[in-house]
Amino acid sequence: MWTRRELKRQARGVFKPHYWRVVLVCLIAAFITGEYGSTIWSFDVYNDRAGIEAGVLKTTIYTVQRTNADIIEDFLRLVGDQANWEPPPEPEVPAGEEDDGAKVIAANSRGVLASLFNNITRSGSIALGVLDSFSQMLFQGRVVRGFVALGAAAISFLFWFFIKNPLMAAERRFLMEKLSYPQTGMRRALLMVRVGKLWNTAKVMFMRSFFLALWCLTIVGGVIKSYSYMLVPFIVAENPAIGWREAMGLSKTMMRGNKWKAFLLSLSFLPWQLLNFFTLGFLNVFYTNPYMTAAEAALYRTLREKALADGIPGAELLNDSRLFETGGADRYPEEAFPLPDRQRRKWIKSDYRRDYSIWSLILIFFTFAAAGWVWEVIQGLSAEGFVNRGVLHGPWLPIYGVGGVGVLVLLKKVRNHPVLTFFLTVLFCGVIEYGTGWFLEWATGTRWWDYSGYVLNLNGFICAEGLLVFGLGGCAAIYLLGPVLDDWYRKIPFKLKCFICCLLILLFVCDLIYSCFVPNTGKGITDYNFVVEGLLPAVLARGPLPL
């Protein structure tokens with residue numbers, strides 16, 4: 001018989017060996033899956049008005065957010081009275097705050113993460129987001145914008161299906177191993193990818209979410225079934241090859257007679273949640289979130305042992321015998337993972353300690369620069385249509401390339417320390433972004449980005465949300481993307497590789513020189529009421545740079 005006190009004691013023990021590693025894994029899960037809402041709140045934008053002075057333009061931010069009820073009401077009104085329907089009025093600027101340069105920005109829509117999470121599911125539902133899109137296309141004459149929104153809905157669904165849901169199971173795998181193996185690395189969270197079972201994991205998690213959504217229609221049933229299916233992420237994390245029926249059936253059987261106690265376990269964290277309110281959510285980031293999930297992992301270990309001892313139907317599918325039986329080892333023995341030979345895939349191993357050739361670094365620079373440009377263009381599609389982002393005119397944002405190549409080269413000696421790598425990446429990318437933004441504004445009086453209004457921003461050039469994304473992206477570049485891209489580029493014949501690099505450099509230099517005199521400005525890029533005559537003339541006119 002398990003007790004809350006014992007499970008919490010085991011959960012706290014997870015922190016002792018590598019506290020920052022556990023916190024970082026849970027933080028990544030929080031931002032990508034949205035599982036811990038209060039964590040996102042810590043890095044969210046202010047919802048009240050924030051005045052921003054940038055050049056001659058005053059930008060005022062107001063809260064604008066449509067609810068599910070708004071979407072449904074608009075749709076029904078459109079169907080019932082198409083001829084007389086008028087679009088809802090734009091939010092009014094408070095008296096005394098009128099300004100010719102003021103513009104309205106939707107709440108939670110500024111920044112990388114906000115766009116990722118709220119592009120189309122801002123209403124809280126992909127289905128209602130699609131309904132809103134059809135409403136715009138059929139009745140409001142916004143066909144292009146509606147199709148863009150539908151495309152964003154499709155992308156959101158794929159992201160939710162293949163990344164957000166599986167990542168919840170990945171986080172559980174890491175914490176389960178951490179209970180028994182102190183030296184568990186962050187790469188262990190990618191188990192289902194490394195053994196080729198991402199699709200099956202995503203399918204199991206999708207079916208869990210689907211049935212929970214149906215049960216939520218009964219209100220009380222949703223609460224009860226959330227505890228019935230509580231162990232599904234842990235079960236599929238242990239056995240990524242399991243079927244969804246078996247995983248959900250096992251969870252229901254194992255939780256039989258334990259749902260009320262599990263509810264009390266969740267309730268016991270309420271004081272921490274209340275205290276978290278006074279820390280702007282940071283207590284959850286650095287303690288409560290990993291504490292709660294580690295306690296659930298300890299509960300799974302206890303109920304798993306009981307299921308195996310009782311021989312319940314399907315218990316044979318809990319077949320990772322080394323998950324909690326260490327045999328004195330500090331790390332989980334990968335060779336012991338129970339996949340049949342016919343299903344065993346080649347493990348993905350990336351030699352992130354490698355040295356990169358100059359040719360690979362050039363190609364990686366342009367790859368990251370182009371990917372950054374595509375990323376920012378996609379962010380603005382639904383709101384502004386196609387906008388060529390950046391100071392330059394070509395399809396690249398060099399700040400992404402500099403950041404990606406910089407962490408590959410400068411952080412080589414700390415690659416074996418992921419947590420240190422993450423914080424140094426944040427520092428490096430923060431310096432690059434702040435320095436670039438400051439120089440551009442000093443040279444031209446124009447800002448190409450502004451984080452004013454975000455929590456923890458520094459003069460509008462950098463903010464906590466953006467730095468976190470850059471930190472995660474930098475780690476991905478070091479441990480995954482860099483080695484994979486290098487392997488690809490090494491296969492290109494040397495002469496062809498040299499030609500491609502020289503051509504890209506030539507095009508980039510021409511674009512850079514042209515943009516010094518005619519920088520890329522306008523709607524969706526700078527949005528300013530004055531025209532920049534040129535970057536190079538403005539720099540020369542201002543004299544030497546201040547030190």
Novice: Restricting to non-hydrogen atoms, name the atom on V204 and the atom on G243 that form the minimum distance, rounded to 0.1 Å.
Specialist: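 Scanning both residues, the minimum pair turns out to be CG2-C, 4.1 Å.
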Novice: Would L427 and F423 count as a side-chain contact (heavy atoms from CB on, under 4.5 Å) here? Give the steps.
Specialist: CA-CA 6 Å; L427 177 62; F423 286 108; over 6 Å; no
Novice: Which pairs, with at least one residue in residues 205-234 and sequence neighbours excluded, count as a side chain to side chain donor-acceptor pair (under 3.5 Å)?
Specialist: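 Sorted pair list: Y227-S266.
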Novice: When you compare the side chain of I399 with that of W449, does any pair of heavy atoms fall below 4.5 Å?
Specialist: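 They are in contact (side-chain heavy atoms under 4.5 Å apart), so the answer is yes.
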Novice: What distance do I242 atom CD1 and L317 atom CG have between them, rounded to the nearest 0.5 Å?
Specialist: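 The CG atom of L317 is 4.5 Å from CD1 of I242, to the nearest 0.5 Å.
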Novice: Is there a donor in the side chain of K8 and an acceptor in the side chain of S268, or the other way round, less than 3.5 Å apart?
Specialist: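 A donor-acceptor contact under 3.5 Å links the two side chains.
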Novice: So, taking the atom named CZ in F210 and the one named CE in M207, what distance separates them when rounded to the nearest 0.5 Å?
Specialist: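 F210 atom CZ to M207 atom CE measures 6.0 Å (nearest 0.5 Å).
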Novice: To the closest 0.5 Å, what do you measure between CD1 (I462) and OG1 (T436)?
Specialist: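 The CD1 atom of I462 sits 11.5 Å away from the OG1 atom of T436.
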Novice: Shortest non-hydrogen contact from I478 to P483?
Specialist: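 Reported closest heavy-atom pair: O-CD, 3.4 Å.
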Novice: Is it true that W448 and F461 have ring centroids separated by less than 6.0 Å?
Specialist: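 They do not qualify: ring centres at least 6.0 Å apart.
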Novice: Does OH belonging to Y19 count more than 12 external heavy atoms closer than 6.0 Å?
Specialist: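 Count over threshold, so yes.
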Novice: Rounded to the nearest 0.5 Å, how far does SG of C463 lie from CG of L468?
Specialist: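 Spacing of CG (L468) from SG (C463) equals 9.5 Å.
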Novice: Between R172 and E238, is there a salt bridge with N-O shorter than 4.0 Å?
Specialist: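 No, E238 and R172 are not salt-bridged.
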Novice: Heavy atoms only: give me the nearest V22-P290 pair and the separation to one decimal.
Specialist: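 For V22 versus P290, the nearest heavy atoms are CG1-CB, 3.8 Å.
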Novice: To check you understand the geometry: which heavy-atom pair defines the closest contact between A477 and F368, and what is its length?
Specialist: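 Smallest heavy-atom distance, with atoms named: CB-CZ, 3.9 Å.
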Novice: Within the structure provided, determine whether L283 and Q273 are in side-chain contact (heavy-atom separation under 4.5 Å).
Specialist: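 A side-chain contact under 4.5 Å is absent here.
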Novice: So, taking the atom named OG1 in T302 and the one named OH in Y300, what distance separates them when rounded to the nearest 0.5 Å?
Specialist: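 These two atoms lie 11.5 Å from each other.
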Novice: Could you point out which residue of M176, E177, K178 forms a side chain to side chain contact (heavy atoms under 4.5 Å, CB included) with Y332?
Specialist: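 The single option meeting the side chain to side chain contact (heavy atoms under 4.5 Å, CB included) with Y332 is E177.
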Novice: Under 3.5 Å, is there a donor-acceptor pair between the N200 and W244 side chains?
Specialist: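 Side chains of N200 and W244: no pair found under 3.5 Å.
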Novice: Does the distance from a Lys or Arg side-chain N to an Asp or Glu carboxylate O, for R304 and D320, drop under 4.0 Å?
Specialist: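 Salt bridge absent between R304 and D320.
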Novice: Show the nearest heavy-atom pair for residues G471 and V426, with the distance to one decimal.
Specialist: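 Nearest pair, atom of G471 first, then V426: CA-CG2, 3.7 Å.
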Novice: If you apply the rule side-chain contact (heavy atoms from CB on, under 4.5 Å), what do you find for L231 with L303, and how did you get there?
Specialist: CA-CA 9 Å; L231 301 183; L303 297 181; 3.9 Å; yes
Novice: Assess whether atom NZ of K259 is packed by more than 12 heavy atoms of other residues, nucleotides or ligands within 6.0 Å.
Specialist: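 More than 12 heavy atoms, drawn from other residues, nucleotides or ligands, come within 6.0 Å of this atom.
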Novice: Under 6.0 Å from the six-membered ring centre of F269 and within 45° of its axis: does the NZ or CZ of R4 meet both?
Specialist: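 Not flagged: R4 not positioned over aromatic ring of F269.
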Novice: Only counting residues at least two apart or in another chain, list the ones meeting ring-ring contact (aromatic ring centres under 6.0 Å, His included) with Y287.
Specialist: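 Checked Y287 against ring-ring contact (aromatic ring centres under 6.0 Å, His included); matches are F15, W272, Y291.
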Novice: Does the side-chain contact (heavy atoms from CB on, under 4.5 Å) test come out yes or no for F470 and F428, once each step is laid out?
Specialist: CA-CA 9 Å; F470 284 133; F428 174 75; over 6 Å; no
Novice: Evaluate E296 against F234 for side-chain contact (heavy atoms from CB on, under 4.5 Å), listing each step before the verdict.
Specialist: CA-CA 9 Å; E296 292 178 2; F234 295 96; 3.7 Å; yes
Novice: In Å and rounded to the nearest 0.5 Å, what is the CG to CG distance from L270 to L264?
Specialist: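 Answer rounded to 0.5 Å: 12.0 Å.
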Novice: Spell out, as yes or no, whether a donor-acceptor pair under 3.5 Å connects the side chain of N239 to the backbone of L318.
Specialist: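 Judged by distance alone, no pair lies under 3.5 Å.
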Novice: Mind checking whether R301 and S180 have side chains closer than 4.5 Å, heavy atoms only?
Specialist: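 Yes - at least one pair of side-chain heavy atoms lies under 4.5 Å apart.
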Novice: Compare every heavy atom of G474 with every heavy atom of V407, then report the nearest pair and how far apart it is.
Specialist: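 Closest approach of V407 to G474: CG2-O, 4.1 Å.
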Novice: For T421, is there any backbone N or O sitting under 3.5 Å from a side-chain donor or acceptor partner on T425?
Specialist: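 Present.
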Novice: Scan residues 411-436 for pairs that pass salt bridge (Lys or Arg N to Asp or Glu O under 4.0 Å), counting only residues two or more places apart or in two chains.
Specialist: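 Residue pairs passing salt bridge (Lys or Arg N to Asp or Glu O under 4.0 Å), neighbours aside: D355-K412.
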Novice: Do the side chain of W2 and the main chain of L7 share a donor and acceptor less than 3.5 angstrom apart?
Specialist: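 The answer is no, because no donor-acceptor pair under 3.5 Å joins these two groups.
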Novice: How about K261 and T3: do any of their side-chain heavy atoms sit closer than 4.5 Å?
Specialist: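 In short, these two side chains do not touch, never coming nearer than 4.5 Å.
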Novice: Check this for me, if you would: do R9 and E6 make a salt bridge, where the nitrogen-to-carboxylate-oxygen distance has to be below 4.0 angstrom?
Specialist: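 Yes, R9 and E6 are salt-bridged.
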Novice: Would you check if the side chain of N258 reaches a backbone N or O of M254 as a donor-acceptor pair within less than 3.5 Å?
Specialist: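 Looks like yes, one N/O pair under 3.5 Å.
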Novice: Using side-chain heavy atoms (C-beta onward) and a distance below 4.5 Å, is C216 in contact with F211?
Specialist: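 In short, these two side chains do not touch, never coming nearer than 4.5 Å.
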Novice: Using a 6.0 Å cut-off, check whether atom CD of E316 has over 12 heavy atoms from anything other than its own residue.
Specialist: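 Yes, enclosed.
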